Participant: 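Sharing a structure below in structure tokens format, with a few things to ask.
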Number of protein chains: 2
Amino acid sequence: MNRFLSHATNRIDAKGRVSVPSAFRAVLSDGGVRELYCFQDFVFPAISVGGPELLDRFEKQMAAEDPFSDVANQMSLLVHGGGVFVKLDPEGRLMVTDFIRDFTGISTDVTFVGRGDHFQLWEPQAFARAQAEAREGRKQRGLRPE
Amino acid sequence: MNRFLSHATNRIDAKGRVSVPSAFRAVLSDGGVRELYCFQDFVFPAISVGGPELLDRFEKQMAAEDPFSDVANQMSLLVHGGGVFVKLDPEGRLMVTDFIRDFTGISTDVTFVGRGDHFQLWEPQAFARAQAEAREGRKQRGLRPE
DNA sequence: GCTTCTCCCATTGACGCCCATATGGTCCCA
DNA sequence: TGGGACCATATGGGCGTCAATGGGAGAAGC
């Protein structure tokens with residue numbers, strides 16, 4: 001498996017650390033990634049986390065926009081300036097900083113959500129709500145797998 | 001037989017495991033599938049289960065969208081983040097997790113329902129009701145395919 | 001010198017793997 | 001045609017392994 005898939009919820013310990021799910025760590029080590037870059041999602045109250053190639057992806061998106069547009073300007077501000085580096089400890093845990101807590105509402109537990117080429121940190125209940133809304137919207141548009 | 005057909009109900013044991021019907025396992029082993037991906041159905045209170053190619057189908061659909069649109073973002077949230085991996089043990093059983101129980105209402109028994117290229121997990125009575133309703137609706141509309 | 005972060009080790013609880021048993025159905029033979 | 005042996009599937013439980021978590025000690029920064 002070379003993509004971030006599925007979701008899992010882990011608890012933050014007394015020191016403010018939380019284990020990254022084993023499956024996600026496997027994807028990271030496959031890519032030889034030891035240092036992670038994260039920033040605020042544009043739509044959801046979630047922190048996106050990924051290796052350096054995640055930056056590439058957003059820079060491609062920005063290149064597709066008019067480079068002087070408001071959209072591109074704001075994206076750069078968020079992605080380039082708003083991002084934070086995060087390191088994993090030997091057990092594969094990361095520190096949940098105030099940067100993460102304030103934006104997501106995370107307090108005691110973190111839901112890790114796979115998004116294919118990256119993953120996200122969510123406050124568990126916020127994730128449940130967003131998922132329910134997405135499912136509802138999808139139902140109305142009639143997008144079904146079958 | 002290379003498709004998932006018919007249905008069967010098995011009991012969950014004390015450890016929360018349930019045997020996948022032999023006929024379904026045969027279809028899986030034909031495809032060499034050992035790890036399954038599953039997610040919540042968009043219409044019914046059922047969990048859809050299939051091999052990795054089930055995921056591919058959704059990703060093709062996502063690729064057709066503007067990759068950075070809200071629609072694609074929501075689909076990724078549901079498909080990438082909303083899915084769960086399930087492994088079969090050597091006897092062909094799977095764990096019935098809370099993820100499955102909460103969405104389907106399954107408690108002690110599971111009805112496995114073939115859906116052609118994938119199969120679903122249902123709470124037995126919910127399946128009986130949905131089937132009855134489908135039959136009724138079909139009758140009124142004059143027997144059309146879905 | 002005190003706080004904060006990083007590394008290391010211990011614990012525990014869940015899950016995967018193994019073997020044993022039950023049950024129902026089929027085939028063979030008398 | 002009836003009985004019995006055999007086989008496959010479903011089910012139950014023991015045990016080892018690994019991931020998640022908790023806490024302590026050393027190192028680095030304020």
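Here is the naming used below: chain letters follow the sequence lines, and residue numbers restart at 1 for every chain. All of these numbers come straight from a predicted model, not from anything done at the bench.
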Participant: Just the table, please: protein N/O against nucleotides 28-30 of chain D N/O, every pair under 3.5 Å.
Facilitator:
none

Participant: Would a hydrophobic clustering, with Ile, Leu, Val, Met, Phe, Trp and Tyr connected at side-chain separations under 4.5 Å, put Ile12(A) with Ile47(A)?
Facilitator: yes

Participant: I need the CG-C1' distance between Leu36(B) and dG16(C), as an integer number of Å.
Facilitator: 15 Å

Participant: Please determine, for the side chain of Pro90(B), which listed nucleotide (dG13(D), dA10(D), dC18(C)) has the closest atom?
Facilitator: dC18(C)

Participant: Write down the distance between CZ (Phe85(B)) and P (dG16(C)), rounded to a whole number of angstrom.
Facilitator: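 Rounded to whole Å, this separation is 13 Å.
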
Participant: Write down the distance between CG (Asp89(B)) and C1' (dC15(D)), rounded to a whole number of angstrom.
Facilitator: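 Going from Asp89(B) (CG) to dC15(D) (C1'), I get 15 Å.
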
Participant: Same cluster or not: are Val86(B) and Phe103(B) linked, directly or through other Ile, Leu, Val, Met, Phe, Trp or Tyr residues, by side-chain heavy atoms under 4.5 angstrom apart?
Facilitator: yes

Participant: Any idea which heavy atoms bring Phe119(B) and Val20(B) closest together, and the distance?
Facilitator: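 Shortest heavy-atom contact: CZ-CG1, 4.4 Å.
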
Participant: Between dC5(C) atom C1' and Lys87(A) atom NZ, what is the distance in whole Å?
Facilitator: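 Atom NZ in Lys87(A) sits about 9 Å away from atom C1' in dC5(C).
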
Participant: Counting only side-chain heavy atoms from C-beta out, which of dG22(D), dG13(D), dT6(C) sits nearest to Lys15(B)?
Facilitator: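 Nearest to the side-chain atoms of Lys15(B), counting from C-beta on, is dG13(D).
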
Participant: Mark yes or no for a side-chain to base donor-acceptor pair under 3.5 Å between Glu91(B) and dC17(C), with no hydrogen or angle criteria applied.
Facilitator: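 It does not, because no donor-acceptor pair links the side chain of Glu91(B) to the base of dC17(C) below 3.5 Å.
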
Participant: Under 3.5 Å, is there an N or O donor on one side and an acceptor on the other linking the side chain of Arg93(A) and the base of dG22(D)?
Facilitator: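 Yes, the side chain and the base share a sub-3.5 Å donor-acceptor pair.
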
Participant: Output the single nucleotide from dG12(D), dC7(C), dA20(D) whose closest atom is nearest the side chain of Asn10(A).
Facilitator: dA20(D)

Participant: Has the side chain of Asn10(B) got a donor or acceptor atom that lies under 3.5 Å from a matching backbone atom of Ser19(B)?
Facilitator: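 Yes, the answer is positive, given that a donor and an acceptor are paired below the 3.5 Å cut-off.
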
Participant: Give the nucleotide from the list dG13(D), dT21(D), dT11(D) with an atom nearest to the side chain of Arg11(B).
Facilitator: dT11(D)

Participant: Once you round it to whole Å, what is the distance between P of dT21(D) and CG of Leu94(A)?
Facilitator: 12 Å

Participant: If you only use heavy atoms from C-beta on, which nucleotide in dA10(D), dG16(C), dC9(C) is closest to the side chain of Met95(B)?
Facilitator: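 Comparing dA10(D), dG16(C), dC9(C) against the side chain of Met95(B), the answer is dG16(C).
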
Participant: Within the structure shown, what part of the strands sits under 4.0 Å from Arg17(A) by heavy-atom distance: base, sugar-phosphate, or nothing?
Facilitator: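 Here Arg17(A) touches the bases of the nucleic acid.
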
Participant: Tell me the interatomic distance from Ile12(A), atom CD1, to dA20(D), atom C1', rounded to whole angstroms.
Facilitator: 14 Å

Participant: When rounded to the nearest 0.5 angstrom, what is the spacing between CD in Gln125(B) and OG1 in Thr9(B)?
Facilitator: 10.5 Å

Participant: With no hydrogens and no angle check, is any side-chain donor or acceptor of Glu123(A) less than 3.5 Å from a backbone partner on Ala126(A)?
Facilitator: yes

Participant: Is any side-chain nitrogen or oxygen of Arg25(A) closer than 4.0 Å to OP1 or OP2 of dA20(D)?
Facilitator: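 Yes, Arg25(A) has a side-chain N/O under 4.0 Å of OP1/OP2 on dA20(D).
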
Participant: Using 4.0 Å as the upper bound for N to carboxylate O, is an ion pair formed by Asp117(B) and Arg3(B)?
Facilitator: no

Participant: When you measure from the side chain of Tyr37(B) to the backbone N and O of Ser48(B), does any donor-acceptor pair fall under 3.5 Å?
Facilitator: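 Answer holds: no.
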
Participant: For the pair made of CG in Asp98(A) and P in dC5(C), what is the distance, rounded to whole Å?
Facilitator: 10 Å

Participant: Mind checking if Val86(B) touches a base, just sugar-phosphate, or nothing, with heavy atoms under 4.0 Å?
Facilitator: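 Touches nothing.
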
Participant: For dT9(D), take OP1 and OP2 only and decide whether either is under 4.0 Å from a side-chain N or O of Ser22(B).
Facilitator: yes

Participant: In whole Å, what is the span from the CG atom of Asp13(B) to the C1' atom of dT9(D)?
Facilitator: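 Rounded to the whole Å, the gap is 15 Å.
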
Participant: Using a cut-off of 4.0 Å on non-hydrogen atoms, how would the nucleic acid contact of Val20(A) be classed: base, sugar-phosphate, or nothing?
Facilitator: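 Since only primed, P, OP1 and OP2 atoms lie under 4.0 Å of Val20(A), the category is sugar-phosphate.
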
